[in-house]
K.L.:
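Got a structure for you, written out below as structure tokens; questions coming shortly.
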There are 2 protein chains.
Amino acid sequence: MSHTSESILAVGSIAFDSIQTPAGKAEKVLGGSVNYFSIAASFYAPIQVLGVVGEDFPSSHLKWLSERNVDTSGVQVVPGKTFHWAGSYDTNLNEAKTLSTALNVFEHFDPKLSPKHQDASYVFLANIDPVLQTSVLDQVKHPKLVACDSMNYWISSKLDALKKTLKRVDILSINEGEAFLLSGEKNLTKASKIIREMGPSVVIIKRGEYGAMLFTQTGVFLAPAFPVELVKDPTGAGDSFAGAFMGSLAAAGASRDMAKQDPAKWESILRKAVLAGCVMASFTVEDFSFQRLARLEASELAARQKLLLAMIQV
Amino acid sequence: MSHTSESILAVGSIAFDSIQTPAGKAEKVLGGSVNYFSIAASFYAPIQVLGVVGEDFPSSHLKWLSERNVDTSGVQVVPGKTFHWAGSYDTNLNEAKTLSTALNVFEHFDPKLSPKHQDASYVFLANIDPVLQTSVLDQVKHPKLVACDSMNYWISSKLDALKKTLKRVDILSINEGEAFLLSGEKNLTKASKIIREMGPSVVIIKRGEYGAMLFTQTGVFLAPAFPVELVKDPTGAGDSFAGAFMGSLAAAGASRDMAKQDPAKWESILRKAVLAGCVMASFTVEDFSFQRLARLEASELAARQKLLLAMIQV
């Protein structure tokens, strides 16, 4: 954990999740992309969260977040109910099936940035309407590095808006199926090439239990997932991956200028950050909701990072 | 390529294959586990093949093999037709669907070893009846290292015989689904632990386009597949993986004694051999049958090995 790192501004959903997996079920537990992102990133750097919750949301959770390096002043609490997602996973744990989505207060979410938010160095735009992603970017004054996520829904329904966002983004992290849909290519090497031409100089393709692929100006990095004994709940794996990844970049002082001035250092920092993401995701899936991350110790994190490094060393 | 390496004795099928994949089809082309194994291994070490073909088999192919470091004196040519397998792959290229199997002369295959065969240092038992695998082992005098493959069919129908083989084997290479079936465990970490208790101190789990996992006394090595632009035909990927793997071990002078005397060296040699396997398999799938391997140059092989190493370097 680095307390001298500059802060990461993250925008996305905060939600109640109801989840069924082969390992069990969880009713109305805390979830949401930016929730997972923040908890994961807070192991590395200070976070500022932008989000919205209803009056039914437990203030104790916001308090808990703020006690761990997360500035929750950007979380709006408004009349109404919090976003509620219900989903299930069958034995293919890499893909969630959405059972229901109640956007509730999230439907009218319109992120407004305070002066402090506007000064953020690092920006992560979680999977939300690309119009909102662009609106957040419009309000940040001098970001050093911007990353974003997206999903099939936006690729299909708001492709033009998404493409506008992508033009201003340094790093895109998406999953395999989304990369195919966005690029129109069924091969990841070709798909990443096409996506990189849309704007992001760095593309990360998340492949669930098979790890992640990093595509940059330098080449390809193949990162394996850390093999866990039992995957209880894959929810949040991708967002906590992104959190540790961005946190690791912020802690290392990465920036888009570094990419130009010192490509070797940039590549090395990116690769380490991807592995940090893989390790964080491996903890996330070991329990429902963010329960495993809540009890994760920095020493466990460091030990598993060392172990994953040993597992790829030739 | 090392011409001073001790030779590898390999037993398995030599076949005609008829294959359909999303990229096209091939009628009655040359295939068979030990055919792919030998071609791949011949880049690294001398091979002696044990197999059987019918009178319809082109002698030109045996001649071609013998011109590239493969001793085919152990290939019996008997009256009747050569083994013919027909299979197809849908978009999930990791799994073949068998359309028909005509064992033909392979049905009565009974490998008899010449004195030269009996002196082999390295033995690879491709996916054949475990009773035959054991019979071959009975005839080899002082093997330094024995590896084998198997498949669902033998795990289901001849488990006791397979377990007898496994007790005498140093290395087992199987795919993910086979590891689940053999161990009764749906988790690869647990599955490999159970399989290692059956005999092989080294277990390699092949995961198609997702690479391979190596489980040893030292720990786990996660090897990615080399990302190829277009997979035309996955047939032979596993067998050519095994060929390059065993060839690489033979070229490095590996042995089961080394595992005890110098575990660090053993582990390092194994990891490099797994990567050699991944690289060879990536060439195999780029064209139908063994067409890509037939035109593969040692310089291309070396270049891709270097590239794959760069793709996993942190």
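Here is the naming used below: chain letters follow the sequence lines, and residue numbers restart at 1 for every chain.
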K.L.:
Does any part of the side chain of K97(A), heavy atoms only, come nearer than 4.5 Å to the side chain of Y89(A), both counted from C-beta?
P.N.:
no
K.L.:
Between I155(B) and L159(B), which heavy-atom pair has the shortest distance, and what is it?
P.N.:
O-CB, 3.4 Å
K.L.:
Using 0.5 Å steps for rounding, measure from the CZ atom of R304(B) to the SG atom of C278(B).
P.N.:
12.0 Å
K.L.:
Are I8(A) and F37(A) side-chain neighbours, meaning at least one heavy-atom pair lies under 4.5 Å?
P.N.:
yes
K.L.:
Give me the contact list for residues 254-274 of chain A versus chain B, heavy atoms only, anything under 4.5 Å, ordered by residue number.
P.N.:
R271(A), K272(A)
K.L.:
Using non-hydrogen atoms and a 4.5 Å limit, figure out which bit of L309(A) sits close to chain B: side chain, backbone, both or neither.
P.N.:
side chain
K.L.:
Regarding T284(B) and R292(B), do their side chains bring together a donor and an acceptor under 3.5 Å, going by distance alone?
P.N.:
no
K.L.:
State, yes or no, whether a side-chain contact exists between L249(A) and K144(A) at a heavy-atom distance under 4.5 Å.
P.N.:
no
K.L.:
Answer yes or no: is there a side-chain heavy-atom contact under 4.5 Å between E95(A) and P234(A)?
P.N.:
no
K.L.:
Side chain, backbone, both or neither: which part of L214(A) has a heavy atom under 4.5 Å from chain B?
P.N.:
neither
K.L.:
Using every non-hydrogen atom in the two residues, find where M280(A) and S240(A) come nearest and quote the distance to one decimal.
P.N.:
CG-O, 3.6 Å
K.L.:
Look at V231(B), V314(B), L308(B) and state which one has the largest set of heavy-atom pairs under 4.5 Å with chain A.
P.N.:
V314(B)
K.L.:
Are there residues of residues 183-207 of chain B whose heavy atoms fall under 4.5 Å of chain A's heavy atoms? If so, which?
P.N.:
N187(B), T189(B), K190(B), K193(B), R207(B)
K.L.:
Using atom types as modelled and distance alone, determine if a side-chain donor or acceptor of D233(A) lies under 3.5 Å from a backbone N or O of S289(A).
P.N.:
yes
K.L.:
Between the main-chain N or O of I19(B) and the side-chain N or O of D17(B), is there a donor-acceptor pair closer than 3.5 Å?
P.N.:
no
K.L.:
Is the gap between the ring centers of F290(B) and Y36(B) under 6.0 Å?
P.N.:
no
K.L.:
Given heavy-atom pairs under 4.5 angstrom as the criterion, report whether the side chain, backbone, both or neither of L275(B) touches chain A.
P.N.:
side chain
K.L.:
Name the option with the most non-hydrogen atom pairs under 4.5 Å to chain A; the candidates are A225(B), A223(B), A310(B).
P.N.:
A310(B)
K.L.:
Quick one: does any side-chain atom of S156(A) pair with a main-chain N or O of Y153(A) as donor and acceptor, under 3.5 Å?
P.N.:
no
